[in-house]
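Heads up, the thing below is written out as structure tokens.
In what follows, chains carry the letters A, B, and so on, assigned in the order in which the sequence lines appear, proteins first and then strands, with residues in each chain numbered from 1.
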Protein chains: 2
Amino acid sequence: MTVVNHAALAVSTVIFALRPDDASALKTLWLPLVRRTRQPHEGQWALPGGWLPDAEQLADAAARTLHETTSLAPTYLEQLFTFGDVGRSPGHRVVSVVYWALVQSDEAARAAEGENVRWFAADQLPGLAFDHNKIVEYALWRLRTKVEYSRIAHAFLGDTFTLTQLREVHEAVLRRPLDPANFRRTLESSGTLVDTGRHVAGARHRPARLYRYDDSDAHSGHGPSGAPAPPHT
Amino acid sequence: MTVVNHAALAVSTVIFALRPDDASALKTLWLPLVRRTRQPHEGQWALPGGWLPDAEQLADAAARTLHETTSLAPTYLEQLFTFGDVGRSPGHRVVSVVYWALVQSDEAARAAEGENVRWFAADQLPGLAFDHNKIVEYALWRLRTKVEYSRIAHAFLGDTFTLTQLREVHEAVLRRPLDPANFRRTLESSGTLVDTGRHVAGARHRPARLYRYDDSDAHSGHGPSGAPAPPHT
DNA sequence: GCAAAAGTGTTGCGGGTACACCCATGC
DNA sequence: GCATGGGTGTACCCGCAACACTTTTGC
């Protein structure tokens, strides 16, 4: 078979985690970036990623580079978009298949950070290499849009969680307060929550119920059940 | 710069048009396929597409192959998904950036058709080459989902149209009847329609108003105005 | 008891659906 | 006039936002 093109194929990932903001009690979205150690854009911050190995699935390559930069495993990973503008990388044509990922907040606290890996507040990014600012902006829009109609918010949390914890994730992502009463009813009537029967004690108020998500598909958040979700590859 | 991967980069397009179905008065979704003239899958039907030229934008490559197979220009073109499973093409790794397109129905009637290009009803496809059946299924899901919340249906029509024509497009895509009265109000209150003042005469009933779409953005169908739409590249 | 957050009840508004009804044209 | 689709009016239902209220804990 003859390969007639020479564009390089890269895979990059926008990784989101929730972190407590300084001064503000609210959690905000943060993401890890890596400093480029070679041309082009040497010294600038960029999304984690790399060339696509011949024998590796696209999503696997995204999860791997994610792990290599943060030492974390994603709880959610989905293809975002493929960026391939002719001029987006100086010198050579590069087509980047970009994924976006969510990682658990408590794990993100002990994520790797070093000279060439640093976490940034998602809405206060410096000028990034290539078209990565535009990519992050689009990923943020997708995250905020999808949180409103899908059940991805729990990817920031552990297996079990209280409704208040889940509501705080929504509030942090959407940047607006939500009514606790209505939030509770909306999720309870969605049928995706399972009451574990356990409670969280210790706080000086009524103990909150612990929930977990119903994994029996049918609630994937993509149209009517049975509809094709975005391919998982 | 060192290119460290050798996966081949292809661009393919799922092209939709509405055509009158035999016997049934309703229009249904059709799409053009090309017969493969070489291995692998020689003789089988496949999506139009080709290798990505070094200096061509992704969307341009999609529009070009679309034009080469159908002699048509798309009225709507959007990136669908990038398919890159390791085993999806026998022998060599192929990553396909897939677009989906809508073409006008009246033009589709005079679209090119020949020995190696043929139109098929979208829900009665034969077994296609590679993973193209899965790709079409996903494109159909995206089209049907997006018609319900976005304003893409007019891409099947000309510059001006009656509300009945637009409703028939929705009905054909969604495969269910819609109430004419409510359909009218929903669209009128959406603020995206502009009354041209002209009417369609000649039928033996009250003449229908001709509308066109308001092009002054702000109604792109992607979240709140100003939100990043899927990159247009 | 008091503070604080969990959890419940209730009301009203708005968008969508169903369906009855009037309007304008060709024949 | 009559048939046919264009176009309007209206009542109902349901989901959601607002907000008052009750419950259960720690101190």
| said: I'd like to know if A:R209 pairs up with A:D195 as an ion pair, taking the criterion as any Lys NZ or Arg NE/NH1/NH2 lying under 4.0 Å from an Asp or Glu carboxylate oxygen. | reply: yes
Inset, instruction - Fit a plane to each ring of A:H170 and A:F183, take the angle between them on a 0 to 90° scale, and name the class: parallel (under 30°), tilted (30 to 60°) or perpendicular (over 60°). - result: perpendicular
From CD of A:E188 across to C1' of D:dC16 the rounded distance in Å is 15 Å
Between CG of A:L210 and C1' of C:dA6 the distance, given in whole Å, is 13 Å
To the nearest angstrom, the CD-C1' distance between A:E148 and D:dA17 comes to 14 Å
Salt bridge (Lys or Arg N to Asp or Glu O under 4.0 Å) filter on B:E68, not counting sequence neighbours, yields B:R64
Practice problem: Tell me yes or no: between the side chains of B:T192 and B:S190, is some donor less than 3.5 Å from an acceptor? | Solution: yes
Here the distance between atom P of D:dG6 and atom CZ of B:F183, to the nearest Å, is 12 Å
To the nearest angstrom, the CZ-C1' distance between A:R184 and D:dC19 comes to 16 Å
Pair A:R212 + A:D159, salt bridge at N-O below 4.0 Å: no
Hey, what's the ring geometry for A:F120 with A:W45, parallel, tilted or perpendicular (30° and 60° as the breaks)? perpendicular
Atom CG of A:L178 and atom C1' of D:dG15 are separated, to the nearest Å, by 16 Å
Are any of the side-chain nitrogens in B:E78 or B:R142 under 4.0 Å away from the carboxylate oxygens of its partner? yes
Paired with A:F161, the ring pair (Phe, Tyr, Trp, His ring centres under 6.0 Å) test is passed by just one of A:Y213, A:F156, A:Y211, namely A:Y213
Here the distance between atom P of D:dT8 and atom CG of B:L187, to the nearest Å, is 14 Å
Rounded to whole Å, the OH-P distance (A:Y149 to D:dC16) equals 16 Å
5' to 3', nucleotides 14-25 of chain C under a 4.0 Å protein heavy-atom cut-off (B base, S sugar-phosphate only, - none) gives ---BBB---BBB
**Asked** Any salt bridge between B:E148 and B:R176, counting N to O under 4.0 Å?
**Response** yes
Under a 4.0 Å heavy-atom cutoff, the residues of residues 159-170 of chain A touching DNA chain D are none
